[in-house]
Amino acid sequence: MNKYIEELSKLLNVLSNQDRQDALSFYTEYLQDGGFTTFEECSERLGTPQMLANKIIVNYRNDNYDGYTRDKRNVSILLIVLLCIIAIPFMITVISIIFSILVAIFSVVLSIVVAIASVGLMAVIILFLSLWLLFTNFWIGLFYLGVTLTTIGFITIVFEPAKWLIVNLCLGTKKACVWSYNQVKGIFSKILK
């Protein structure tokens, strides 16, 4: 019985000293009068110390409610709602900035791809032109064939760095989005505790 009362006493530490002593003396007397001596007998009759402590705490809070006191959880929820309302303009700004950055990255990637594709298309067109000119005007055809080979060499040189840049921009954007999501998730989990 003593072990049961000790655990109950630890669980009732949220009550005032007077209320805790009143509850402990009542249940100690109850268990003594009933002849319950072991922890198991006490748990069978009254439930676990945790269950009994929850019941006692709820009863004391309901008895002491005077209509003006507010539960801390209700105040926390109200503060969270107010903070969310106040934070809406800030969040719209942050979302707009993030969206602008993503559009800028997409534009850079698209412009690199379009530039390489257009230079490649130009090389193909100049190749056909130079082959036609080789038979009509040899020296001009040879010039254009040289321009074509130079363009193909340029594309070959630029392709790997451009591919590296595009892949790293996409991976960096992904990492930044995941990091931002984790930060926002962490902030909200701290607020909602």
Side-chain angles (χ1 to χ4, degrees), residues 10-11 13-15 50-51 53-55 57-58 60-62 64-134 140-193:
K10 290 176 188 173
L11 295 168
N13 63 357
V14 295
L15 297 177
Q50 181 67 49
M51 290 169 47
N54 289 342
K55 180 181 170 186
I57 291 168
V58 167
Y60 271 99
R61 285 195 176 160
N62 286 340
N64 293 333
Y65 183 71
D66 60 1
Y68 294 104
T69 58
R70 293 189 177 117
D71 188 14
K72 287 183 181 179
R73 185 160 173 82
N74 290 341
V75 172
S76 298
I77 291 171
L78 180 64
L79 287 175
I80 290 170
V81 170
L82 287 174
L83 285 174
C84 288
I85 291 170
I86 292 170
I88 287 174
F90 174 73
M91 290 304 294
I92 290 173
T93 305
V94 169
I95 290 170
S96 299
I97 290 170
I98 291 171
F99 182 73
S100 300
I101 291 170
L102 291 176
V103 167
I105 291 172
F106 177 75
S107 300
V108 168
V109 168
L110 186 64
S111 65
I112 291 171
V113 169
V114 167
I116 290 175
S118 62
V119 169
L121 182 63
M122 182 183 72
V124 170
I125 292 171
I126 294 175
L127 177 66
F128 285 120
L129 180 65
S130 65
L131 291 176
W132 178 70
L133 285 174
L134 275 176
I140 294 175
L142 194 60
F143 170 76
Y144 281 116
L145 186 61
V147 170
T148 302
L149 292 176
T150 305
T151 305
I152 291 172
F154 175 75
I155 291 173
T156 306
I157 291 170
V158 170
F159 181 75
E160 282 302 316
K163 183 177 122 182
W164 176 86
L165 180 65
I166 291 170
V167 167
N168 284 328
L169 277 173
C170 292
L171 288 176
T173 304
K174 177 187 171 192
K175 286 179 184 178
C177 289
V178 168
W179 179 83
S180 299
Y181 171 76
N182 289 334
Q183 294 300 314
V184 170
K185 183 179 170 185
I187 290 169
F188 277 111
S189 66
K190 287 179 184 176
I191 289 174
L192 294 176
K193 280 186 179 180

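Just so you know, these numbers use all the heavy atoms, side chains as well, and skip hydrogens, waters and symmetry mates. For this chain, numbers begin at 1 and follow the sequence in order. Just so it is clear, the model here is predicted, and its values are computed rather than measured.
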Please tabulate, for the side chains in residues 140-163, all donor-acceptor contacts under 3.5 angstrom to protein atoms that are two or more places apart in sequence or on a different chain.
{"from": "Thr148", "atom 1": "OG1", "to": "Leu127", "atom 2": "N", "distance (Å)": "3.3"}
{"from": "Thr148", "atom 1": "OG1", "to": "Tyr144", "atom 2": "O", "distance (Å)": "2.9"}
{"from": "Thr150", "atom 1": "OG1", "to": "Gly146", "atom 2": "O", "distance (Å)": "2.7"}
{"from": "Thr151", "atom 1": "OG1", "to": "Val147", "atom 2": "O", "distance (Å)": "2.8"}
{"from": "Thr156", "atom 1": "OG1", "to": "Ile152", "atom 2": "O", "distance (Å)": "2.8"}

When rounded to the nearest 0.5 angstrom, what is the spacing between OG1 in Thr173 and CD1 in Ile98?
11.5 Å
Gap separating the OG atom of Ser130 from the CD1 atom of Ile125, nearest 0.5 angstrom
12.0 Å
Kindly list each side-chain donor-acceptor pair under 3.5 angstrom involving residues 107-116, sequence neighbours excluded, with atom names and distances?
{"from": "Ser107", "atom 1": "OG", "to": "Val103", "atom 2": "O", "distance (Å)": "2.8"}
{"from": "Ser111", "atom 1": "OG", "to": "Ser107", "atom 2": "O", "distance (Å)": "3.1"}
{"from": "Ser111", "atom 1": "OG", "to": "Val108", "atom 2": "O", "distance (Å)": "2.8"}

When rounded to the nearest 0.5 Å, the distance separating CG of Leu169 from CZ of Phe106 is 12.5 Å
Does Leu129 reach the side chain of Trp132, with side-chain heavy atoms less than 4.5 Å apart?
yes
Here the gap from Phe128 atom CZ to Leu131 atom CG, rounded to the nearest 0.5 Å, amounts to 7.5 Å
Output for pair (Ser180 OG, Ile95 CD1), nearest 0.5 Å, gives 11.0 Å
Show me the donor-acceptor pairs within less than 3.5 Å that the side chains of residues 82-93 make with the rest of the protein, sequence neighbours left out.
{"from": "Thr93", "atom 1": "OG1", "to": "Pro89", "atom 2": "O", "distance (Å)": "2.9"}

